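As the structure is a prediction and not an experimental result, all values here were calculated from the model. One-based numbering along the sequence shown.
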Amino acid sequence: MVRVKSRYLLCEVNVSDRSRLLLLDDRAVAAAVKAAVARIHGDYGAALCSIRFSVKYLNAHTGIVLLRFSKRCYKLLWSALPFITCIETRGHIIPCFLNCLHVGGTIRTCQKFLIRYNTQQLHRMLPKCKNEEEKQQVQTAILKCSLMGGNKEAFGEESDSEEDEQ
């Protein structure tokens, strides 16, 4: 038996108006990524990337997206991400761009990176707090940014065993 290898791209959707993030859904992000790959790499790239491509996680509040795709085509997909300028969803066109944060081999490594990244962001927010109450809220949020054993609530009930497909 041969294990089918996947890569996971952890991306951040950057928009000018943060309230527009709530309009995002996983099908719209997937369609935008597939369209960008087809536009940049043609039919060959679109066919190669669509074999095992899926949006595994989307947080509309923070704009974090986790994309899964075949290991052999991750460079094609990664190179097409800068050409995504808008996402069309629910009759709205959201101007945005995707910032790649991390490329990982498992969902677990991406989750660990995201926890470290969020902790760094909270530490950057700490000096910018205006009063003691805000500072206390940020400090409690920093303390809560830890990965408990077996806690995968942020990514649903996903497990790495699903990657062992044949």
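Between E12 and N14 the shortest side-chain heavy-atom distance falls below 4.5 Å. Counting heavy atoms from C-beta outward, L24 and L58 have side chains that approach closer than 4.5 Å. Taking 4.5 Å as the limit, some side-chain heavy atom of L101 sits within range of a side-chain heavy atom of I64. Side-chain contact between I51 and S70: absent, with no pair of heavy atoms (C-beta onward) separated by less than 4.5 Å. Side chains of L81 and C11 form a contact here, defined as non-hydrogen atoms less than 4.5 Å apart. A heavy-atom distance below 4.5 Å is not found between the side chains of L21 and T62. Within the 4.5 Å cutoff, side-chain heavy atoms of Y74 are placed close to those of V103. Looking at heavy atoms from C-beta onward, Y8 lies in side-chain contact with C110 at the 4.5 angstrom threshold.
Between the CG atom of D26 and the OH atom of Y57 there is a distance of 12.5 Å, given to the nearest 0.5 Å. We find the OG-CZ distance between S16 and F97 to be 10.0 Å, quoted to the nearest 0.5 Å. To the nearest 0.5 Å, atoms CZ (F69) and NZ (K75) are separated by 12.0 Å. In this structure, SG on C49 lies 9.5 Å from CZ on R72, to the nearest 0.5 angstrom. Note that SG of C100 is 9.0 Å distant from CG of L77, once rounded to the nearest 0.5 Å. Here the straight-line distance linking atom CZ of R52 with atom OG of S6 works out to 3.5 Å at 0.5 Å rounding.
No path of Ile, Leu, Val, Met, Phe, Trp and Tyr side chains, each step under 4.5 Å between heavy atoms, connects L98 with L66, placing them in separate hydrophobic clusters. Y117 and I107 fall within the same hydrophobic cluster, defined by Ile, Leu, Val, Met, Phe, Trp and Tyr side-chain heavy atoms under 4.5 Å apart, directly or through other members. Connection of V65 to L10 is not established within any shared hydrophobic cluster, with ILVMFWY side chains joined at heavy-atom distances below 4.5 Å, either directly or through further cluster members. Both L9 and V55 are members of a single hydrophobic cluster when ILVMFWY side chains are connected at heavy-atom separations under 4.5 Å.
Remark: S54 pairs with K56, R68 by the side-chain contact (heavy atoms from CB on, under 4.5 Å) rule, at least two apart or across chains.
Of all non-hydrogen atoms in A46 and V37, the two that sit nearest each other are N-CG1, 3.9 Å. Taking each heavy atom of C86 and A32 in turn, the nearest pair found is O-CB, 4.2 Å. Closest non-hydrogen pair, A28 versus T89, comes out as CB-CB, 3.5 Å. When all heavy atoms of E88 and I93 are compared, the closest pair comes out as CG-CG1, 4.1 Å.
With T109 contributing its side chain and G104 its backbone, the two residues share no donor-acceptor pair below 3.5 Å. Under a 3.5 Å cut-off, the side chain of H92 and the backbone N or O of R90 do form a donor-acceptor pair. Judged by distance alone, with hydrogens and angles left aside, the side-chain atoms of H41 form a donor-acceptor pair with the main-chain N or O of L76 at under 3.5 Å.
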**Request:** Test L67 against F53 for side-chain contact (heavy atoms from CB on, under 4.5 Å), laying out the working first.
**Result:** CA-CA 7 Å; L67 307 171; F53 175 75; 4.1 Å; yes

**Request:** Could you give me the CA-CA distance, side-chain angles and deciding distance for Q120 and H123, then say whether side-chain contact (heavy atoms from CB on, under 4.5 Å) is met?
**Result:** CA-CA 5 Å; Q120 289 172 354; H123 280 293; 5.7 Å; no

**Prompt:** What's the verdict on side-chain contact (heavy atoms from CB on, under 4.5 Å) for V15 and I94, showing C-alpha distance, side-chain angles and the deciding distance?
**Reply:** CA-CA 8 Å; V15 295; I94 303 168; 3.8 Å; yes

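Screening residues 27-47 for salt bridge (charged side-chain N to carboxylate O under 4.0 Å, His left out), with sequence neighbours left out, gives D25-R27.
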